[in-house]
A.B. asks: 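Quick one: this structure, given as structure tokens, is what I'll be asking you about.
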Amino acid sequence: MNRDYPLEKLRNFGIIAHIDAGKTTTSERVLYYTGSQHKIGEVHEGETTTDWMEQERERGITITAAAITCFWTRTNEPDKKDLAKKYRFNIIDTPGHIDFTVEVKRSMRVLDGAVVVFDGVAGVEPQSETNWRYADEANVPRICFINKMDRMGASFEKSYASILDRLTKKAVRMQLPIGAEENFEGVVDLLSMKAYRFEGAMGETVVEGEVPEGLKEEAAKYRAELIEKIVEHDDDMMTSYLDGKEPSMPDLKALLRKAIIANQIFPVYTGSALKNKGVQLVLDAVVDYLPSPLDMPPIKGIDPKTGKEIERHASDEEPFTALAFKLQSDPFVGQLTFFRVYSGTIEAGSYLYNSTTGSKERLGRIVRLQADQREEVKKVFAGEIAAAVGLKDTKTSHTLCDEQHPIILEQIKFPEPVISLRIEPKTKADQEKMGMAMKKLADEDPTFKVSTDTETMETLISGMGELHLEILVDRMKREFGVEANVGKPQVAYRETITQQAEAEGKYIKQTGGRGQYGHVRLRLKPLEPINPDKKIAKNVTREEHFEFINSIKGGVVPAEFIAPVEKGVREAMERGFVAGFKMVDISCELYDGSYHDVDSSEIAFKIAASMGFQEAVRQAKPVLLEPIMRVEVVVPEKFMGDITGSLNSKRGHIEGTEERGLARAIKAKVPLSEMFGYTTALRSMTEGRASFSMEFDHYEVVPPNVAATIIAGRK
Ligand code: GDP
């Protein structure tokens, strides 16, 4: 079976936006235009456009699906039914709220480009900055769409300036709006110097016309600016342009495409999704300027057998390599595992090798989600995104590949959850359901963690923020019927050690019959930040926050007891030492010990290890760590003093302030523990005229006086 779409006609992209900028509305329009186009020629009696929208909203699921497939033919293509002119889009969902930026990060890994939606009144907002930074880290080419041009107070120029000012100097106008606010009519395309208006109930008819008289001069000026920014990227074109010869349109577009894909230019479009103006031209831009998988550099991974770095190209001929990037329940087909294929192909019914876990799973069915249906797929090809039905052991971020040609792709890095709360099922029945629900949710969301407080035996759930946990608790109730009492959100503290120490752990019981004998010597060191590329020696197990080195010589601790020693250490780390919080960033070396022919057992070594570890920690100056948040408060000038004062009193460190239109933005690093209830406090300090955003930055040692209070509180 051959691929049904040439790879260069594929676009994997996301729509990224600050909450409320209009991502949902824009996505709905995209589905509408691409869907209606898909159906052109078919007659749907009585199915008006609004009906379609309503059904879509009732289902409400397609839009939140991890990936939706749709089809698009350029607006100016005369024959929309011509298959050769069709492009396939896989639109990857990215959520808007700060607590879910991890989802944005995750999706950045699998998309090749993005459309970033801005509110034409507010311009760049704090969340847009965060998302922009993530996209920068992942080198994702972007098209900007300044939405809501019909709103009162909308300004294309101001919003464009905020992009230049706060996001990138490489942004450039591709369009100008015709009119604004209630008189917003359409857009001028600067490259072609044509005006576009959108007619019909859903703006489905794109009408090309002349640039309005009043805009001609401005358009000519910005067009020249655009052309200059494009030809800058090619010496020959630049020279001939300076000689007065403008490159041909195909040459300009090809060079622009290259520059956008290389993150050298970010084109800016505009419109109003709600008023059905401009979205189709953004879709044309996706076709023209966002990369196909062929434009992407090869993906890198590690060969698990040799530890060497290997590459895979977007080609059907290479061995199968895919990344599972999202688990989602679907009301119709059950659990879906969304995956992106980087190379090779896979057929429904075949076996997948999960190189992250080393296990094999049968890939029963493959589906693609479209606006109005789930399409069963027999085979998926390089560059594609699809969902597997019924995979059991595959989690987010696992690599799926060909067992004969194993590769482990770089794991998606997720930030540590920083807030936790106690949760208690209301009844015995709830308890069982809760266990299942939590497992399911944790499988879906790697920033949601479940643990047990070893002292009180209570269940703790941890996540990225108050809202994140609130939503998870709510989902447990709605989707799994779990009734539970929850405690107040608390900071997820950590513990670590600050110096090297050695200690001995002995667990010896000899009371007639068979005794117990375990004896180890351990050396602890603070773990240096790990260089993931460094090759790991055979005797070392290592992950982000822990390293275990076995340097036992001559079998003084027999091989079969090494794993139990490591297990004992890990369990002791979970229990913590200072105040019962999980310990992190420790390197533990087992360098000596002894055993007894008869009495030694796994359990004896596990206990000895845990005792030895605790003793070593006692000597290694253990400390508490707390999450420090990156905070930004935007306030009118007159409240500046009050706000910086209040942040300082919260042990905050002010990093700087900058002008933000008429307001000021204060950037600070503040311990999370001081930020609970800040929304309310800020409102009362500023008569409700401030806004703030907060995201996790790093863990830091808690000052001794504060630590003393936390420790006392845990007793
Ligand atoms: P999301 O939170 O980014 O998904 O944003 P939504 O699409 O839900 O839009 C947030 C609000 O803005 C809703 O009330 C929309 O109706 C409104 N909205 C979205 N696009 C536009 C637009 O182009 N113009 C106007 N005036 N309102 C819009």
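When a ligand or atom number is given, it counts from 1 through the structure's own listing order. None of the values given here were measured: they were computed from a predicted structure.
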A.B. asks: Touching ligand 1 at all, Glu28? Heavy atoms, strictly under 4.0 Å?
C.D. replies: no

A.B. asks: Between the main-chain N or O of Thr75 and the side-chain N or O of Asp284, is there a donor-acceptor pair closer than 3.5 Å?
C.D. replies: yes

A.B. asks: Could an N or O of ligand 1 be found under 3.5 Å from any N or O of Met149, whether backbone or side chain?
C.D. replies: no

A.B. asks: Is Lys275 in contact with ligand 1, taking contact as a heavy-atom separation below 4.0 Å?
C.D. replies: no

A.B. asks: Counting heavy atoms only, which of Asn276, Asn147, Val117 comes nearest to atom 20 (N) of ligand 1?
C.D. replies: Asn147

A.B. asks: Show me which atoms of ligand 1 lie under 4.0 Å from any heavy atom of Arg151.
C.D. replies: 25 (C), 26 (N)

A.B. asks: What protein heavy atom lies closest to atom 2 (O) of ligand 1? Include the residue and the distance to one decimal.
C.D. replies: Asp20 N, 2.7 Å

A.B. asks: Looking only at protein heavy atoms, identify the closest one to atom 3 (O) of ligand 1 and say how far it is in Å.
C.D. replies: Lys23 N, 2.7 Å

A.B. asks: Applying side-chain hydrogen bond (donor to acceptor under 3.5 Å, both in side chains), can you list everything that pairs with Arg197, at least two apart in sequence or on another chain?
C.D. replies: Glu185

A.B. asks: Can you tell me if Arg29 and Asn276 form a side-chain donor-acceptor pair at under 3.5 Å?
C.D. replies: yes

A.B. asks: Heavy atom under 4.0 Å from ligand 1: found in Ala21's side chain, backbone, both, or neither?
C.D. replies: backbone

A.B. asks: With sequence neighbours left out, what residues match Met675 under side-chain contact (heavy atoms from CB on, under 4.5 Å)?
C.D. replies: Val631, Lys650, Val670, Tyr678, Phe692, Met694

A.B. asks: Strictly distance-based, threshold 3.5 Å: is any side-chain N or O of Asn12 a donor or acceptor partner for the main-chain N or O of Gly383?
C.D. replies: yes

A.B. asks: Can you confirm whether some protein heavy atom lies under 4.0 Å from atom 22 (C) of ligand 1, or whether none does?
C.D. replies: yes

A.B. asks: Identify which of Ile16, Thr24, Ile146 has a heavy atom lying nearest to atom 8 (O) of ligand 1.
C.D. replies: Thr24

A.B. asks: Would a distance-only check, ignoring hydrogens and angles, find a side-chain to backbone donor-acceptor pair under 3.5 Å from Arg142 to Trp132?
C.D. replies: yes

A.B. asks: Taking the six-membered ring of Tyr289 as reference, does the NZ or CZ atom of Arg257 fall below 6.0 Å from its centre and within a 45° cone about the axis?
C.D. replies: no

A.B. asks: In the protein, which heavy atom is nearest to atom 26 (N) of ligand 1, and how far is it?
C.D. replies: Asp150 OD2, 2.9 Å

A.B. asks: Quick one: nearest non-hydrogen protein atom to atom 15 (C) of ligand 1, plus distance?
C.D. replies: Thr25 OG1, 3.8 Å

A.B. asks: Which atoms of ligand 1 sit under 4.0 Å from any heavy atom of His18?
C.D. replies: 3 (O)

A.B. asks: Quick one: does Gly22 get an N or O within less than 3.5 Å of an N or O on ligand 1?
C.D. replies: yes

A.B. asks: For Ile666 and Val635, run side chain to side chain contact (heavy atoms under 4.5 Å, CB included): C-alpha distance rounded to whole Å, both residues' side-chain angles, the deciding distance at 0.1 Å, then the answer.
C.D. replies: CA-CA 8 Å; Ile666 306 167; Val635 278; 4.1 Å; yes

A.B. asks: Are Tyr269 and Gln175 close enough that a side-chain donor and a side-chain acceptor fall under 3.5 Å?
C.D. replies: no

A.B. asks: Can you find an N/O atom of Leu274 closer than 3.5 Å to an N/O atom of ligand 1?
C.D. replies: yes

A.B. asks: Can you pull out the closest protein heavy atom to atom 11 (C) of ligand 1? Residue, atom name and distance to 0.1 Å, please.
C.D. replies: Lys148 NZ, 4.0 Å

A.B. asks: Hey, which atoms in ligand 1 end up nearer than 4.0 Å to a heavy atom of Ser272?
C.D. replies: 22 (C), 23 (O), 24 (N)

A.B. asks: Answer with yes or no whether the side chains of Ser128 and Asn131 bring together a donor and an acceptor at under 3.5 Å.
C.D. replies: no

A.B. asks: Under the side chain to side chain contact (heavy atoms under 4.5 Å, CB included) rule, what do Val30 and Val279 come out as? Steps first, then yes or no, please.
C.D. replies: CA-CA 7 Å; Val30 170; Val279 174; 3.9 Å; yes

